[in-house]
Enquirer: 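The structure that follows is given in the form of C-alpha cells.
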There are 2 protein chains.
Amino acid sequence: MKATSCGPTNVERDLRPVEGDEADEELATLAKALGHPARVQIVRLLVRRTSCVCGDIVDELPLAQSTVSQHLKVLKEAGLIKGEVDGPRVCYCIEPRALRRLKVLVAGL
Amino acid sequence: MKATSCGPTNVERDLRPVEGDEADEELATLAKALGHPARVQIVRLLVRRTSCVCGDIVDELPLAQSTVSQHLKVLKEAGLIKGEVDGPRVCYCIEPRALRRLKVLVAGL
DNA sequence: CGCTTTCATCGTAGGATGACGATGGTCTCC
DNA sequence: GGAGACCATCGTCATCCTACGATGAAAGCG
C-alpha cells in the first residue's frame, strides 16, 4: 500500500450536497479549521507554493515548532492539507478537493 | 440617530484587501464564527428567509433558548448577522456585506 | 398596575484549544 | 553504531467554548 504524494483522495467529495445537516457539519468542520489566523496563514502558504513545503512553515510563523505542528494536525484532521514523509522531513500540501469543497459550501450560502 | 433595520453598515468592507495579515485575521474571525454546525444552520435560516426571523430560530434548533442566544451573539460579534429590537421580540437578519466578504476571502484562497 | 411573552445575561460545569518546553522516534550522513 | 536534523507527541497551564437552568430586563395586554 503505497501513499501517493499529494494525489487524489476522497474522490466523491465534490458530489456531496451543498445543504442539509451533513453539509452543515462539513462546513462547520472546515470553517473551524480555518478559524485561527495561523492556520489561515499556513493554508495560504501552501496554496502559494504549488510544491509541498516542509518545516519552512515554522520559519514563516512566529510560533514554536510544537505549536505549528499542532496547527498542521488540525488542518490535516479537517482534511484541508496532507502530509507526506520524505526522509527525515515531512512535506505538507493542500488537499485541493477539500479546499474546493470549502469554497463551494461557502459560496452556497 | 435611528438604526435602520437590515440596512447597510461598514460600507468600506468590500474594499479591503483579500490577503495579508489583516485579511487573515478577518477570515479567521468569520470562519471561526461559522465553525459550529448550529451557527451554520442559523446562517442558512437567515439567508433563506429574506425577511428577518426572531426566536423561531430556537424552534428550529434542538438547543435551549439560552444556547441559541449565545450562538446568535457569536455571529453578531463576528458581524455576520444583525439584531433589531421589535417590541418584545428581536429580529435577526444577515449582514449581506459580511457574508459577501466571507465569500470573497474564501474564494481568494 | 400586574402578568405574560420574549430575549439576554449570569453562573456553572465539562470539555476543547492554544501555547510552550521537553521528550522521543525516525531518517540521513559520517 | 553514533550524531545531528527534523518532526510528532506528551505534559501542562491558562483560556475559551458549549451547554444548560435560573434569573432579569423590556415591551405588550388585560
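Convention: sequence-line order gives letters A, B, ...; per-chain numbering from 1. Hydrogens, waters and symmetry mates are skipped; everything else that's a heavy atom, side chains included, is used.
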Enquirer: I want to check something: taking the side chain as every heavy atom from C-beta on, are V18(A) and L105(A) in contact at a cut-off of under 4.5 Å?
Expert: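 Of all side-chain heavy-atom pairs linking L105(A) with V18(A), at least one is under 4.5 Å.
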Enquirer: How would you list, by chain and number, every residue that makes a salt bridge (charged side-chain N to carboxylate O under 4.0 Å, His left out) with R44(A), sequence neighbours excluded?
Expert: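 Partners of R44(A) by the salt bridge (charged side-chain N to carboxylate O under 4.0 Å, His left out) criterion, ordered by chain and then number, come out as D24(B).
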Enquirer: Please round to the nearest 0.5 Å and tell me the distance separating atom CD of Q65(A) and atom CG of L72(A).
Expert: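 If I round to the nearest 0.5 Å, the distance is 9.5 Å.
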Enquirer: Between protein and nucleotides 10-24 of chain D, map the contacts as a letter string: B base, S sugar-phosphate only, - none, heavy atoms under 4.0 Å, written 5' to 3'.
Expert: -------SBBBBB--
Enquirer: Not counting sequence neighbours, which residues clear side chain to side chain contact (heavy atoms under 4.5 Å, CB included) with A107(A)? List them please.
Expert: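 With sequence neighbours excluded, A107(A) shows a side chain to side chain contact (heavy atoms under 4.5 Å, CB included) to no residue whatsoever.
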Enquirer: Round to the nearest Å and state the distance from I81(A) atom CD1 to dA8(D) atom C1'.
Expert: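 Computing the I81(A):CD1 to dA8(D):C1' distance gives 13 Å.
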Enquirer: Protein within reach of the bases, or only the backbone? For nucleotides 25-30 of chain D, mark each nucleotide 5' to 3' as B, S or -, using heavy atoms under 4.0 Å.
Expert: --SS--
Enquirer: At what distance, to the nearest 0.5 angstrom, does OG1 of T29(A) lie from CG of L34(B)?
Expert: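 The distance works out to 12.0 Å.
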Enquirer: E60(B): what forms a salt bridge (charged side-chain N to carboxylate O under 4.0 Å, His left out) with it, not counting sequence neighbours?
Expert: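 Counting only residues at least two positions away or on another chain, E60(B) forms a salt bridge (charged side-chain N to carboxylate O under 4.0 Å, His left out) with R49(B).
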Enquirer: Got a sec, which pairs hit salt bridge (charged side-chain N to carboxylate O under 4.0 Å, His left out) with one end in residues 68-79 of chain B, sequence neighbours left out?
Expert: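 Counting only pairs at least two positions apart or across chains, no salt bridge (charged side-chain N to carboxylate O under 4.0 Å, His left out) contact touches residues 68-79 of chain B.
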Enquirer: Can you name the residues that form a side chain to side chain contact (heavy atoms under 4.5 Å, CB included) with H36(A), not counting sequence neighbours?
Expert: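 Only A38(A), R39(A), H71(A) meet the side chain to side chain contact (heavy atoms under 4.5 Å, CB included) criterion with H36(A).
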Enquirer: Run the side chain to side chain contact (heavy atoms under 4.5 Å, CB included) test against E25(B) and tell me which residues pass, sequence neighbours left out.
Expert: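 Side chain to side chain contact (heavy atoms under 4.5 Å, CB included) list for E25(B), sorted by chain: P37(A).
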Enquirer: Check whether any side-chain nitrogen or oxygen of S69(A) sits under 4.0 Å from OP1 or OP2 of dA8(D), and answer yes or no.
Expert: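 True: S69(A) side-chain N/O within range (under 4.0 Å) of dA8(D) OP1/OP2.
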Enquirer: Nucleotide range of DNA chain C contacted by chain A, 5' to 3', under 4.0 Å to a heavy atom?
Expert: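 Result: dT17(C) to dT28(C).
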Enquirer: Apply side chain to side chain contact (heavy atoms under 4.5 Å, CB included) to V85(A) and list each qualifying residue two or more places apart in sequence or on a separate chain.
Expert: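 V85(A) satisfies side chain to side chain contact (heavy atoms under 4.5 Å, CB included) with V90(A) only.
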